[in-house]
Amino acid sequence: MQRYEIAKDIYYVGVNDRHKHLFENMLPLPYGVSYNSYLIVDEKVALVDTVEGPFAEELLDNIKEVIGDRRLDYLIVNHMEPDHSSGIRTMLAHYPSLKLIVNAKTIDMLKGYYGLNEDVMLEVKNGEEISLGGRMLSFHFAPMVHWPEVMMTYVAKDQILFSADAFGCFGTLDGAVLDTQLNLGLYFDEMYRYYANIVGKYGSPVQTALKKLGGLPLSMICSTHGPVWTKHIPEVVGIYDELSSGKTQEGVVIAYGSMYGHTEQMAEMVARGVASVMKNVRIYDVSTADHSLLLSEIFKYKGLILGSPTYCNEIYPNMQYIMNKIATRNIKDRVFGYWGSFTWAGAAAKGFASFAESMKWEEPVGLEIKQSMTQAQADELFELGRQVAERVKKAFIK
Ligand code: FEO
């Protein structure tokens, strides 16, 4: 078999998952996902992270292909989420003398998830180093990117950062692992969706981690998901910096809920208003759209317009679901517009207004419409879209 040697004596030994439909049992995986593990072969041999349990035997085969019957000395546990840690017991079963390199927060999780004793673990402190013989590994804690125990491992000799989930994305690695060998459009799109849904709540810890890493020379970033980044490191760091610092692009996302098509017709009018000012306008039906994609679009663009009928004296439930996701991630500083529709008693418009207030966004542009849309109301909806787009445009004028 062809081995993936990504740098001298450093190997990609991860796996592709094309079986799982929903990541975290929620997020669609149209292009699959990779669980990345790396093997550093020196006087001592170290594995960086494992893979999800059902793929542990495949990981073991990949390791044996590189080191044959040699012993695996260290397993560096950068991240404990089970997509990377549920292969640990298989590794321990095959390599009984294996030492797990962990930090204080990892220890509790290893005990809790896998019933492991501390005698298989070697605790490191932030910034501490261990030697593999010809290489020193240093450990840099990055709490909340994306769990509290996360650390990154740096190999100064090769200028390689093993970054846990950071700089990761969905999408399997089809036939190659380096960014220079892959068509990257898919991975960059999936990086936005991955960030928004997985790491998006933790923008400020990501910024802290980026600042910490700013001084390290980097020739390669090895994340736990997606390509190994080499030539494209500046773009990838740029995307993470953009998203974690709350920077946005010029554009407006329109999302609506509609039971019988009236609110959908209104969305078309709003979109025409936006399109009279700018080209970047995206419309999503909250009942049929993939919410993970919708959320990544909301992360990306400055403008957001939501439209909903009143349902049981509240906002339409599928709309409320995406609003909860926005609130959980504390998405900041959106130019916001809304319209609420109703048949006999309106509640959606009020709900949107108080949502904008709770998010501390600037005063929104809002409308309320009873039953089906009149020509005059179509004009008002056009104007709603136009005004939001004008505000968005103004926000990008230097
Ligand atoms: Fe891919 Fe947070 O685990």
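Both backbone and side-chain heavy atoms feed into the values below; hydrogens, waters and symmetry mates do not. As the structure lists them, so they are numbered: ligands from 1, and atoms in each ligand from 1.
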A.B. asks: Do any of the N/O/S atoms of H84, backbone or side chain, fall under 2.8 Å from atom 2 (Fe) of ligand 1?
C.D. replies: no

A.B. asks: Could you go step by step and tell me if H79 and F162 meet the ring pair (Phe, Tyr, Trp, His ring centres under 6.0 Å) rule?
C.D. replies: CA-CA 11 Å; H79 184 21; F162 296 95; over 10 Å; no

A.B. asks: Side-chain donor-acceptor pair under 3.5 Å between Y194 and S296, yes or no?
C.D. replies: no

A.B. asks: For N36 and T224, run side chain to side chain donor-acceptor pair (under 3.5 Å): C-alpha distance rounded to whole Å, both residues' side-chain angles, the deciding distance at 0.1 Å, then the answer.
C.D. replies: CA-CA 5 Å; N36 299 346; T224 45; over 6 Å; no

A.B. asks: Could you verify whether a donor N or O on one side chain and an acceptor N or O on the other, from T172 and S34, lie under 3.5 Å apart?
C.D. replies: no

A.B. asks: Just checking: D83, one of its N/O/S atoms, less than 2.8 Å away from atom 2 (Fe) of ligand 1, yes or no?
C.D. replies: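 It does not: D83 brings no N, O or S atom closer than 2.8 Å to atom 2 (Fe) of ligand 1.
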
A.B. asks: Which atom name does H146 have for its N/O/S atom nearest to atom 2 (Fe) of ligand 1?
C.D. replies: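 Of all N, O or S atoms in H146, atom 2 (Fe) of ligand 1 lies closest to ND1.
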
A.B. asks: Have a look at E81 and say which of its N, O or S atoms is nearest atom 2 (Fe) of ligand 1.
C.D. replies: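 That would be atom OE1.
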
A.B. asks: Considering only N, O or S atoms, which atom of D165 is nearest to atom 2 (Fe) of ligand 1?
C.D. replies: OD2

A.B. asks: Looking at Y74, does the NZ or CZ of K99 lie under 6.0 angstrom from its six-membered ring centre and within 45 degrees of the ring axis?
C.D. replies: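 That pair does not qualify as a cation-pi contact.
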
